[in-house]
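Every value quoted in this text rests on a predicted model; they were computed, and no experiment measured them. Note on naming: letters A, B, ... go to the chains in the order of the sequence lines (proteins, then strands), and numbering restarts at 1 for each one.
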Amino acid sequence: MNNKKVRVRFAPSPTGGLHLGGVRTVLFNYLFAKHHGGDFILRIEDTDQTRFVEGAEEYIFNCLKWCGLEPDESPLHGGPHVPYRQSERKALGLYEKYAKQLVANGQAYYAFDTAEELDAKRKEINNFQYSQHTRNAMKNSLTLSGAETQQLLDEGVPYVVRIKMPENVDVKFNDMIRGEVSFNSSLCDDKVLLKADGMPTYHLAVVVDDHDMEITHAFRGEEWLPSAPVHVLLWQYLFGLDAMPQWAHLPLILKPDGNGKLSKRDGDRLGFPVFAMDWQNADGTVNAGFKERGFLPEAFVNMLAMLGWNAGTEQEVFTMEELVQQFSMERVHKGGAKFDFEKAKWYNHEWIKKLEVGSWKPEVKKLFEEKGIVVMDDAKFEKVLELVKDRCTLLNDFVQQAGFFFQSPTAIDTASIKPKWDEKKQLFFVEAIRMFEQSSLWQATDLEHSFKELAAANQLKPGELMLPLRIMLVGGKFGPGVFEIAELIGREETAKRIGYTLGLL
RNA sequence: GGAGCGUUGGUCAAGGGGUUAAGACACCUCCCUUUCACGGAGGAAUCACGGGUUCGAUUCCCGUACGCUCUACCA
């Protein structure tokens, strides 16, 4: 349509943790921008000062950084359109200037109704809306004379500026995902544009700032669709429809059970994270994050990309580069998608297998340290991770699957041995200890060979001995091949662990 | 209540006038494995419903149902 450089933006309000759906919105913005060689801007939508939460902005930056979705321009990164916080942009005087202009042109008006008066009205009339059908009964510059209005303004009586929705106009626009969308203006209400504290509402701010920052494509969640006509009208009034960015309203991410938007409560209820990273609430409670749950950022991003978009091929595992290369708005779904934590875990597993061990080894090491497991031999560590990664879907799984290589198990599942335990087996393992101690070779295959030979010599079936041996070495019924474990933990440790469990039986 | 948006297996989804309606996750069966995984082979959907248009509709049109979102001086 035009040759302008693509510029997109994500404009969160810093009120809490960054929701999965928010990250996906960022992702689609980012992918679209990068696909077209454009810029991704992050603007902080902090127009509601009563909802400001300490630390939320910094948290958002951390999440984006973790995901590898860094903005080209933001309050942190700077850029040609500073400031990037709406609370600071207010000083530019843009919001007030445009609000006044709208009033002067008869496209908006001053309203002096107090919050109490509006509340009373809502109680009095069911489904009350401040609109062209009711504004004549309210206290505003449309019902007041020019002199009266001016007097109230001069006296400093608090007011808001409301858009004056026109009568019976079909407000249409072309959504990149949904095609033409149309609303009749008579059914829309007169939204507040400028609040009594002088701050703009989202409606005014998004239009003014998108214009000022030369945004070419505006993506947001589907929940914004009903207010789109306000924004389209504002664009028409202020800057002209030709300058308006192209809209795309992204489908919602739904809760796995039942219906409705996925909320952080669903995560707590169903036992999975909803935020990108852990978020600590003011009351000290924490909402779990994907990062802390053991997700790789590559997997998290990959999983999110596939929630509402697909390449049209059978490919499901994508690197960021591949996503950038293949992404297109045309292939974004219209319908919402239910979030499936099982599938999310599958992506993580795929990425654990796909990436070099070295790329996530530090994370696992950190987890080990938290559990007090000391890793001295880095080469062995890497070998072990390589050996067990097939059994780990989340990074945290490595603690159980690999921890016993570096620390003798304390809890031994003797209950799984005892029922079939007897003197004969006891004697066999005593002998096995000696055999291991004296074995000249210490390779898994050799160990297996001599172990089975010893079993045969004692007229025991290897099958009856393998599980006990496993439990002695790892503590439970898990882990890779027993003899590979023995090889890696070494002669001394192997003998020690067998002896220890023998003492418990 | 109103407006808008949506509806292919349990979930994510491809497809888009004529197909045996892909694939993935999960599930079940089997193989491999004397743990658990990994890997491999199988199993299950007639496309919300009702009307059109058409030789023919899951695919186009119109209704209906259902669901969701919004309906704040929140975003």
Task: Summary of side chain to side chain donor-acceptor pair (under 3.5 Å) pairs that have at least one residue in residues 302-312 of chain A, sequence neighbours excluded - done: A:Asn302-A:Trp351, A:Asn310-A:Arg331

Open item on the list: Using the side-chain hydrogen bond (donor to acceptor under 3.5 Å, both in side chains) criterion, which residues pair with A:Tyr347? Sequence neighbours excluded.
Closed with: none

Open item on the list: I'd like to compare against my own output: the B/S/- annotation of nucleotides 32-41 of chain B with a strict under-4.0 Å heavy-atom distance to protein.
Closed with: --BBBBSS--

Task: Distance test, side-chain N/O of A:Thr47 to OP1/OP2 of B:A75, below 4.0 Å - done: yes

Open item on the list: Whether A:Arg162 engages the ring of A:Tyr130 as a cation-pi pair (distance to the six-membered ring centre under 6.0 angstrom, angle to the ring normal within 45°) should be assessed.
Closed with: yes

- [ ] Tell me which of A:Arg178 and A:Pro256 sits closer to the 5' end of RNA chain B, going by the nucleotide each one is nearest to.
- [x] A:Arg178

Open item on the list: So A:Asp113, base contact, sugar-phosphate only, or nothing? Heavy-atom distance under 4.0 Å.
Closed with: base

Within the sub-3.5 Å range, which N or O atoms of nucleotides 68-72 of chain B have a protein N or O partner, and how far apart are they?
unit_1	atom_1	unit_2	atom_2	d
B:U69	OP1	A:Lys261	N	3.3
B:C70	OP1	A:Lys261	NZ	3.3
B:U71	O2'	A:Gln129	NE2	2.2

- [ ] Go through the structure and list residues passing salt bridge (Lys or Arg N to Asp or Glu O under 4.0 Å) with A:Asp197, not counting sequence neighbours.
- [x] none

Open item on the list: Please enumerate all residues that pass side chain to side chain contact (heavy atoms under 4.5 Å, CB included) together with A:Glu453, with sequence neighbours excluded.
Closed with: A:His449

Task: ring-ring contact (aromatic ring centres under 6.0 Å, His included) pairs, two or more places apart, involving residues 452-482 of chain A - done: A:Phe404-A:Phe478

TODO: Give the dot-bracket string for RNA chain B, reading 5' to 3', where a pair is Watson-Crick or G-U wobble with both distances under 3.5 Å, ( ) marks pairs inside the strand, [ ] marks pairs crossing earlier ones, | marks a partner on another strand, and . marks unpaired.
DONE: (((((((..(((.....[....))).(((((.......)))))....(((((..]....))))))))))))....

- [ ] Compare side-chain N and O positions of A:Arg24 against OP1 and OP2 of B:C12 and report whether any pair is under 4.0 Å apart.
- [x] no

Open item on the list: Whole angstroms only, please: what is the OH-P distance between A:Tyr110 and B:C73?
Closed with: 18 Å

Dump the pairs, protein N or O against N or O of nucleotides 27-29 of chain B, anything under 3.5 Å, distances to one decimal.
none

Open item on the list: What is the distance, to the nearest angstrom, from the NE2 atom on A:His333 to the P atom on B:A24?
Closed with: 17 Å

Task: All side chain to side chain contact (heavy atoms under 4.5 Å, CB included) counterparts of A:Pro273, not counting sequence neighbours - done: A:Ala288, A:Phe290, A:Arg293, A:Phe341

Task: Parallel, tilted or perpendicular, as decided by the 30° and 60° cut-offs, for the rings of A:Phe451 and A:Phe429 - done: tilted

TODO: Assign each of A:Glu342 and A:Thr313 to its nearest nucleotide of RNA chain B by heavy atoms, then name whichever residue's nucleotide is nearer the 5' end.
DONE: A:Thr313

- [ ] Please list, chain by chain and in numerical order, all residues satisfying salt bridge (Lys or Arg N to Asp or Glu O under 4.0 Å) with A:Asp48, sequence neighbours excluded.
- [x] A:Arg51

TODO: Tell me yes or no: between the side chains of A:Thr319 and A:Glu298, is some donor less than 3.5 Å from an acceptor?
DONE: no

Open item on the list: Nearest to the side chain of A:Lys338, heavy atoms from C-beta on, is which of B:C5, B:A14, B:C12?
Closed with: B:C12

Task: Pairing residues for A:Lys172 by the side chain to side chain contact (heavy atoms under 4.5 Å, CB included) criterion, not counting sequence neighbours - done: A:Asp170, A:Glu180, A:Ser182

TODO: For nucleotides B:C47 and B:U8, find the distance between their C1' atoms and express it as a whole number of Å.
DONE: 4 Å

